[in-house]
Amino acid sequence: MNSETEPEETSTPPASGRILALTVCSAAIGGTFQYGYNISIINAPTAYVQGFINDTYVGRWGSGLDTSRVTLVWTLIVSAFSLGGWLGALLAGPMAVHFGRKKSLLLNNLSLFAGTVLVLTCRVAKSFEMVVLARFLVGINSGVSMNIQPMYFGESAPKHLRGAVAFSSAVFTAFGIFSGQVVGLTELLGTEPLWPYLLASNALPGLIQLLTLPWFPESPRYLLIDRGDREACLQALGRLRGGEAPVLEMEELLQEQQQHQQQSTALKSGSPASAKTPWALFKDRGLRRQLRTVMAASSAMMLCGNDSIYFYASYIFLAAGVPSEKVQYITIGTGASELTASILSNLLIERVGRRYLLVGGYGLMSCWSVVFTVALTLQGRGVAGMPYLSMACVFAYILSFGLGPAGVTGILPAEIFDQAARPAAYMVAGSFMWISLFLVGMLFPFIVSGLGNFCFLPFLVVCLVSAVFLGLTLPETKGKTLAEITAAFEGKNETSRGKSKRQVDEPIVNHYQLGTACSFTNLTQEPDLNKTNGDISLTCSTENEMNHTEPS
């Protein structure tokens, strides 16, 4: 009997891995991939778009704009992306609650396709305002996806893979940056006649998502806790785990649902829990530590200057003696560096933990900021070899960012907030992130002109403060339940500390056994609540437990 059951059960984990991996790819290719892609594709056609702005003005008024006014309009185009992202972050919370995680990502493509139409017709209409609006709409798309996609991943992955799956958002962001740099080469779409097609090429990833994501399941937590649909939750969880839903994982979901129903006094018995608003989140004293941590991490992610160093890279490479026609190829190396670091961090996150990667990343960035400042200062005095040290610092800074802050920041709201507070937490985090990106984009040229070779000292301060603050306030969340993470924020007493330690020390395979053959007929009814200890008992077939073989 064992010989017959072993092949069937050992094949289950790969099946669940395939469904989960395909879900991740489908959601991310039209999600955070778009954010990275749209950040990088705007760099290549800068001169061509500025020429289009001036030509449009000449056609309307008979005279051209001076350089400062063209630069001002170009800054508006670039800033429109950040403003759209801020609006998208504010829309993401209500969309995630009312439409669900998966459907929100699908609807999000409408703004992307509208922007594509605008940028493809701007030349015919002779309107640079259409480019501004297109970038604003693309920003909305990125703002929504940057918030909902990590939420979707964090709620769909098993606990022992939660960090790695959620961190894949950063991997696809880096992949988008790298892809945008490649597509923007002069041999491809980075030429004057083709720049509208370069800016419109973001429609292809959106189309791929629109055709593939409907085939994959919705977030099981959303289905159970927000919609109260237990059957749909069981089906989605079973598909994501490659069989029937694991008993202990379903039990944990039911316990979380029970807690939400007890906390929601305005709801009738059996109805889904209501979601918090950002204002309610700010007023909740019990969540202030978590909220401060998320706000600081989200702001630091943009204020640390990583996106600015992409802008500064071309000047560094030119100063190092790289021919101007070759700079575009060297610049691709910056995107490749972040992609490599994010993949490495994705492999390390469940081994090293979130806190060490986040604090370590900002610590390394602080060190490289010091070396970079020294190199730029000595380079200005004509010291030999300093341009090459500056180049090395560019790559090292980006590698350090990709190693931790790039991905861990997006995981935090999904791990440290419950189902009711999670959408609002992502709205707050996304707002701080996009506002910070807007401020850095607007202020960085003035910082460079005002501080010169010391322009990265403000970023050094941000990285140092972030490393210290997050190191003191953020507990490790790796492999922990929401209750354990909340207790770590609040400070656990001796009894709860001992209990949490026993739970964490249990083998992960005992928590989530993929494909366990159990009978869930009782799950369609109301669970048996043990009022003494709050546990929820589920009925599992004794015969199936005896025949169960743990997956390798």
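The shown structure was predicted, so the numbers you read here are calculated from the model rather than taken from an experiment.
With sequence neighbours left out, the ring-ring contact (aromatic ring centres under 6.0 Å, His included) criterion links Phe172 to no other residue.
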Run the side chain to side chain contact (heavy atoms under 4.5 Å, CB included) check on Arg354 and Glu415 step by step: do they pass?
CA-CA 11 Å; Arg354 286 69 155 148; Glu415 290 197 330; 2.6 Å; yes
Full working for side chain to side chain contact (heavy atoms under 4.5 Å, CB included) between Leu254 and Arg230: CA-CA 9 Å; Leu254 288 170; Arg230 193 173 302 175; 3.9 Å; yes
Give the intermediate values and the outcome of salt bridge (charged side-chain N to carboxylate O under 4.0 Å, His left out) for residues Arg239 and Glu218.
-> CA-CA 10 Å; Arg239 287 192 62 195; Glu218 176 60 273; over 6 Å; no
* Going through the distances and angles, do Ser169 and Gln149 end up as a side-chain hydrogen bond (donor to acceptor under 3.5 Å, both in side chains)? -> CA-CA 7 Å; Ser169 298; Gln149 182 186 305; 3.0 Å; yes
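Arg135 pairs in a side chain to side chain contact (heavy atoms under 4.5 Å, CB included) with only one of the listed residues (Val119, Leu76, Ile77), which is Ile77.
Under the side chain to side chain donor-acceptor pair (under 3.5 Å) criterion, no residue pair touches residues 285-303, with sequence neighbours excluded.
If you look at Trp434 and Phe81, their ring centroids are closer than 6.0 Å.
Counted within 6.0 Å of OH on Tyr356, heavy atoms from surrounding residues, nucleotides or ligands total 12 or fewer; the atom is thus considered open.
Minimum interatomic distance between Glu476 and Lys478 (heavy atoms only, all atoms of both residues): OE2-N, 2.9 Å. For Glu155 against Ser219, the heavy-atom pair with the smallest separation is OE1-OG, 2.6 Å.
Going from atom CG of Asn109 over to atom CG of Leu213 covers 9.0 Å, rounded to the nearest 0.5 Å.
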